[in-house]
Asker: 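Submitted below is the structure of interest, expressed as structure tokens.
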Protein chains: 2
Amino acid sequence: MSRSPHPRRRATLASLASELNVSRTTISNAYNRPDQLSTELRDRILQAAKRLGYPGPDPVARSLRTRKAGAVGLVIAEPLTYSFSDPAALEFVAGLAQTCEEAGQGLLLVAAGPGRSLADGASSVLSAGVDGFVVYAAAGDDPYLKAVLDRRLPTVVIDQPREVPGASWIGIDDYAAMRELAEHVLGLGHREIAVLTMRLGDRDGEVALVDEDRLRASTFHTQADRIAGVRDAMAAAGLDPAGLTLVEALRQGPTAGGAAAELALRSNPRLTALLCTADALALSAMDYLRGHGIYVPGQMTVTGFDGVPEALRRGLTTVAQPTVAKGRRAGELLHHPPRSGEPVIETLPVELIRGRTSGPPAG
Amino acid sequence: MSRSPHPRRRATLASLASELNVSRTTISNAYNRPDQLSTELRDRILQAAKRLGYPGPDPVARSLRTRKAGAVGLVIAEPLTYSFSDPAALEFVAGLAQTCEEAGQGLLLVAAGPGRSLADGASSVLSAGVDGFVVYAAAGDDPYLKAVLDRRLPTVVIDQPREVPGASWIGIDDYAAMRELAEHVLGLGHREIAVLTMRLGDRDGEVALVDEDRLRASTFHTQADRIAGVRDAMAAAGLDPAGLTLVEALRQGPTAGGAAAELALRSNPRLTALLCTADALALSAMDYLRGHGIYVPGQMTVTGFDGVPEALRRGLTTVAQPTVAKGRRAGELLHHPPRSGEPVIETLPVELIRGRTSGPPAG
DNA sequence: TTGAAAGCGCTAACAC
DNA sequence: GTGTTAGCGCTTTCAA
């Protein structure tokens, strides 16, 4: 391609300038303000750049000078391996990525792996060259979230936790959504129901029954709010919320919902409805039930939450979240911040999907 | 949180230093080499930092100085919207993301949207602060690829194009894989077969029959190699490769394979096998066939390529690629470059999956 | 149109 | 254990 060998030392804007006997400003202008110099000179510069293997202004140096990185950082509390197998998270990322693409910005996936000590864990966040952060569904005490806030960059929190000072928030009304879903189920006549929830905080094991203390100590507000919605719907229907069977799936994975369903049914064999706080849980529970000859919805009503494609395809009764829109709004907030400069709190609408997995209880 | 109001001007390492009457080096050491100063001094510094709202060394300035960005860039030729709906691409990204996470590096998704002019289109690539690039399945003449190479950073090309000077390459033997698959189909007795391929280059429309010129001009080697594999298998089986029906799906989407199948069958109604160069195409084609009462494999053999989860679940006869491994290897090559510094060429193994969608021709 | 000067905030040698 | 010096490569006033 290039005839002359490349110099060992990388070409820089300065070296190009001295080579051509023009000032550094002029080279800079050739790239950033083409209208500030003659076409002729500019062509000469670009040609020389090609000859010398100068790839254009160094992005890092430019960032330092302009105080703009041209990218937003995305922090997901879970290991990326999980996130990439979570359809809801994926849709969110897709929405965010769309706006980044439109804005010509990069999207930096920040490593937030298992090394979750404050010292080490936060380092990746601290060293990310970005103009703003999106934090996806973090626990209230997440060290990465803390590290992000310390950076004092524009930040958008998704779902979780609520009310982070200085940060914008985008999410849904988890309480109302789940309450409406519960009312639908109770309206069908169910009286013995269980909630299968995602994990409420750190704890070992696979699945576990949840007691009052555990629930109160939850660092995941979304989950707690959804449970509260169910309880209040029960109370409003004249049932004792204390009678709710509550099981927590501590690990992700394709069998989590099944294991949770099994524990719930063992704990209360008279259950006729399993309300799951995630579609993934519900789909897994359905697989388990089918494997054990329990017919849905004839013998058991199952509901989900999120409205991921597979759930809709399989006719799951669920609450559809505007997952892609969440991602888009987060991106827009960062790319085009509101004039006021104030953090924004946005509650997005959801839709109750009455699918084929809910029906009146047997008998 | 902090009692004292924050200064309007952001604190920097230098301001902290003069505040504490120590040198900048000492502050730097407090963050980067804790063992180089007394615990006592270090604590005093960290405390003062917290008080002044100093978030630690600026990542961009550090990058400039150390010449390390702490991130790798991923360039995908398609708009991100497509990529996020392509299971194979997603698995690849997941694999790459895993290694980044393990290495504590960020993964920068580079905007490579529709603004594909050389001047404008490449700008996002030019301004990415990264230590290396991964380019996923680009066309031979992709402007982003060119821009990436101009940056002269360590680069790994996936699948496409082959033989990029100075860049490593990871992919599979497309020719051999497809030839083996074709031999399987021919071995079942098929004589009238079609290949449904992904697009071979830029062109308008939805689907089109492919002629010799079009094939020769293809900028997508993977596709062309797979077709060559089928042709050679035909020749080896005593069939005339010219008799191959060849249809190109020009647009992505859930109905692309169906449209391609329709055109193929219209072009040659005696077809008994459709070899698709992507699972997505094959699954879509199967949906189309079922909708038209054509039974698979009884009346029509259908095969795919990639081995995405849905394809395996539906029993598609296909070639399984090590998609996640591809991503992992790309990451490893960037995070732990081989001592020699030479670009690496790696052909990963594939596996022919004899599924339930291939069988002997009818009659 | 072009150039000179002044940093952006940090770290790596090397001296003390 | 701590400080001094010298940039990393660039953009941006401001003046010519």
Side-chain angles (χ1 to χ4, degrees), chain A residues 7-45 48-49 52-70 123 126-131 151-153, chain B residues 7-45 48-49 52-70 123 126-131 151-153:
Chain A
R8 32 212 61 177
R9 196 127 181 42
R10 282 183 67 101
T12 71
L13 183 145
S15 69
L16 233 190
S18 69
E19 175 87 11
L20 287 172
N21 277 316
V22 298
S23 81
R24 313 211 297 280
T25 310
T26 303
I27 309 286
S28 178
N29 282 337
Y31 285 96
N32 302 319
R33 300 205 218 295
D35 51 315
Q36 295 295 294
L37 33 53
S38 62
T39 321
E40 179 195 60
L41 178 55
R42 177 158 190 266
D43 286 350
R44 199 151 61 86
I45 290 174
L52 269 56
Y54 176 65
D58 179 290
V60 174
R62 169 186 277 160
S63 279
L64 177 60
R65 186 61 238 238
T66 60
R67 314 267 57 195
K68 300 228 161 309
S123 70
L126 291 173
S127 67
V130 297
D131 299 319
R151 289 277 306 266
R152 289 163 196 282
L153 293 175
Chain B
R8 32 212 62 173
R9 197 127 179 44
R10 281 182 68 100
T12 72
L13 183 146
S15 69
L16 233 190
S18 69
E19 176 86 11
L20 288 172
N21 276 316
V22 298
S23 81
R24 313 212 295 280
T25 308
T26 302
I27 309 286
S28 177
N29 281 338
Y31 285 95
N32 302 318
R33 300 199 216 290
D35 51 315
Q36 295 294 295
L37 33 56
S38 61
T39 321
E40 178 195 60
L41 177 55
R42 178 158 189 266
D43 286 350
R44 199 152 61 86
I45 289 174
L52 269 55
Y54 175 64
D58 180 291
V60 175
R62 169 186 278 160
S63 280
L64 177 60
R65 185 61 240 236
T66 61
R67 315 264 58 193
K68 298 228 162 309
S123 70
L126 291 173
S127 67
V130 297
D131 300 319
R151 288 280 304 268
R152 291 164 193 283
L153 294 175

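Below, chain A is the first sequence line, B the second, and so on; all start at residue 1.
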Asker: With sequence neighbours left out, what residues match Pro57(A) under side-chain contact (heavy atoms from CB on, under 4.5 Å)?
Answerer: Tyr31(A), Tyr54(A), Arg62(A)

Asker: Ignoring the backbone of Leu41(A), work out which of dT2(C), dT11(C), dT2(D) is nearest its side chain.
Answerer: dT2(C)

Asker: Mind calculating the distance between CG (Asp43(A)) and C1' (dT1(C)) to the nearest angstrom?
Answerer: 16 Å

Asker: For Leu16(A) and Ala48(A), which heavy atoms make the closest approach, and how far apart are they?
Answerer: CD2-CB, 3.8 Å

Asker: Could you work out, with side-chain contact (heavy atoms from CB on, under 4.5 Å) as the rule, every residue matching Thr26(A), not counting sequence neighbours?
Answerer: Val22(A), Ser23(A), Leu37(A), Leu41(A), Ile45(A)

Asker: Looking across every strand, which nucleic acid part, if any, lies under 4.0 Å from Ser38(A) by heavy atom: base, sugar-phosphate, or nothing?
Answerer: sugar-phosphate

Asker: Shortest non-hydrogen contact from Ala128(A) to Pro59(B)?
Answerer: O-CG, 3.6 Å

Asker: Given dT11(D), is OP1 or OP2 found less than 4.0 Å from the side-chain N or O atoms of Arg62(A)?
Answerer: yes

Asker: Check side-chain hydrogen bond (donor to acceptor under 3.5 Å, both in side chains) between Arg67(A) and all other residues, then give those that pass, not counting sequence neighbours.
Answerer: Asp58(B)

Asker: Take the protein atom CZ of Arg67(B) and the nucleotide atom C1' of dA13(C), then report the distance between them rounded to whole Å.
Answerer: 18 Å

Asker: Can you tell me how far apart OG (Ser63(A)) and CG (Asp131(A)) are? Round to the nearest 0.5 Å.
Answerer: 7.5 Å

Asker: Once you round it to whole Å, what is the distance between C1' of dA12(C) and NZ of Lys68(B)?
Answerer: 14 Å

Asker: Within the sub-3.5 Å range, which N or O atoms of nucleotides 14-16 of chain D have a protein N or O partner, and how far apart are they?
Answerer:
none

Asker: In residues 15-23 of chain A, which ones come under 4.0 Å of DNA chain D, going by heavy atoms?
Answerer: none

Asker: Among residues at least two apart in sequence or on other chains, which ones pass side-chain hydrogen bond (donor to acceptor under 3.5 Å, both in side chains) with Thr25(B)?
Answerer: none

Asker: Among residues at least two apart in sequence or on other chains, which ones pass side-chain hydrogen bond (donor to acceptor under 3.5 Å, both in side chains) with Ser18(A)?
Answerer: none

Asker: dT12(D) P sits how many Å from Gln36(A) CD, rounded?
Answerer: 11 Å

Asker: Just checking Leu64(A): base, sugar-phosphate only, or nothing, at a heavy-atom cut-off of under 4.0 Å?
Answerer: base

Asker: Would you compute the distance between atom OG1 of Thr66(A) and atom CG of Asn32(A) and round it to the nearest 0.5 angstrom?
Answerer: 9.5 Å

Asker: Rounded to the nearest angstrom, tell me the gap between atom CG in Leu13(B) and atom C1' in dC10(C).
Answerer: 7 Å

Asker: State which of dG7(D), dT2(D), dT2(C) makes the closest approach to the side chain of Leu37(B).
Answerer: dT2(D)

Asker: Check each residue of residues 24-35 of chain A for a non-hydrogen atom within less than 4.0 Å of any atom in DNA chain C, then write out the ones that pass by number, or none.
Answerer: Arg24(A), Thr25(A), Thr26(A)

